[in-house]
Amino acid sequence: MASARYWLMKSEPESYSIDDLKRDGKTHWDGVRNYQARNFMRDDMQVGDLVLFYHSNAEPPGVAGIAQVSKKAYPDFSAFDPKDKHYDPKSSKANPTWMMVDLEFVEKFLRLVSLQELRDHPKLGTLLVLKRAQRLSIQPVEKAHFEIIRKMGKKG
DNA sequence: GCCAACGTTGGC
DNA sequence: GCCAACGTTGGC
């Protein structure tokens with residue numbers, strides 16, 4: 001079995017925050033409509049992979065906590081529902097275009113680790129989320145970077 | 001609210 | 001297959 005991977009996944013806290021995940025315990029990550037992000041979920045995510053839960057479009061934006069992949073990729077049923085915001089008529093049940101994974105809550109950081117703090121950290125230079133206009137909603141993260149950010153979130 | 005950057009669409 | 005137009009993301 002390949003070793004666990006680490007990820008960063010963005011969510012707008014107004015639609016789904018780390019507190020929502022804490023309340024729910026787990027959730028399905030529906031609504032991803034970007035091929036690169038889908039491929040990460042479909043091809044690379046394994047049960048047990050750890051995820052930095054990132055609040056985007058927030059004040060301030062940053063990493064709010066940690067989640068864990070609890071179910072491998074399966075068809076995103078929100079694409080089949082004409083009433084759903086993320087409905088995609090090109091995706092059929094017989095041949096689904098879009099996939100999702102399930103995430104379960106692991107921990108909420110003692111404090112939000114802001115995007116600015118990530119930028120200021122000397123060892124996080126290649127972290128993808130720091131790149132200008134990096135819009136990808138699911139990004140791979142190096143283990144060393146994951147550990148640094150987790151530690152930042154555990155300090156007051 | 002602005003707008004740069006980027007992915008997708010569709011005309012040719 | 002090119003590329004302009006368009007829609008979306010997301011920091012500021």
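Order of the sequence lines fixes the chain letters, A, B, ..., with proteins taken first and strands second; residue numbering starts at 1 for each chain.
A sub-4.0 Å separation between OP1 or OP2 of dA5(B) and a side-chain N or O of Arg132(A) is present. The phosphate of dG10(C) has OP1 or OP2 within less than 4.0 Å of a side-chain N or O from Lys10(A). Within the structure, a side-chain polar atom (N or O) of Tyr54(A) is placed less than 4.0 Å from OP1 or OP2 of dG11(C). The phosphate of dG7(C) has neither OP1 nor OP2 within less than 4.0 Å of any side-chain N or O from Arg33(A).
Between Gln116(A) atom CD and dG10(C) atom P there is a gap of 18 Å when expressed in whole angstrom units. Atom-to-atom, NE2 of His55(A) to P of dG11(C) comes out at 12 Å; the value is rounded to the nearest Å. Regarding Arg38(A), its CZ atom lies at a distance of 14 Å from the C1' atom of dG7(B), rounded to whole Å. In this structure, Arg135(A) atom CZ and dG7(B) atom C1' are separated by 6 Å, rounded to whole Å. To the nearest angstrom, P of dT9(B) lies 11 Å from CG of Asn34(A). A straight line from CD of Glu59(A) to P of dG11(C) spans 10 Å, rounded to a whole angstrom. As a whole-Å value, the separation of Leu115(A) CG from dT9(C) P is 18 Å. Straight-line distance from the CD atom of Glu12(A) to the P atom of dT8(C): 13 Å, rounded to whole Å.
Aromatic ring centres of Tyr74(A) and Trp29(A): separated by at least 6.0 Å. Checked against the 6.0 Å centroid criterion, the rings of Phe77(A) and His28(A) qualify as a close aromatic pair.
For the side chain to side chain contact (heavy atoms under 4.5 Å, CB included) with Lys108(A), the qualifying choice from Ile66(A), Leu21(A), Ile18(A) is Ile18(A), the only one to do so.
Under the 4.5 Å side-chain criterion, counting only non-hydrogen atoms from C-beta, Phe146(A) is in contact with Leu52(A).
Where Gln134(A) and Asn57(A) meet DNA chain B, the nucleotide closest to each residue was compared, and Asn57(A) sits on the side nearer the 5' end.
Closest contact between the side chain of Ser56(A) and the listed nucleotides dG11(C), dT8(B), dC6(B) involves dG11(C). Side-chain proximity of Lys90(A) to the nucleotides dT9(B), dG11(C), dA5(B) is greatest for dT9(B).
Note on residues 57-70 of chain A: pairs passing side-chain hydrogen bond (donor to acceptor under 3.5 Å, both in side chains), not counting sequence neighbours, are Glu12(A)-Asn57(A).
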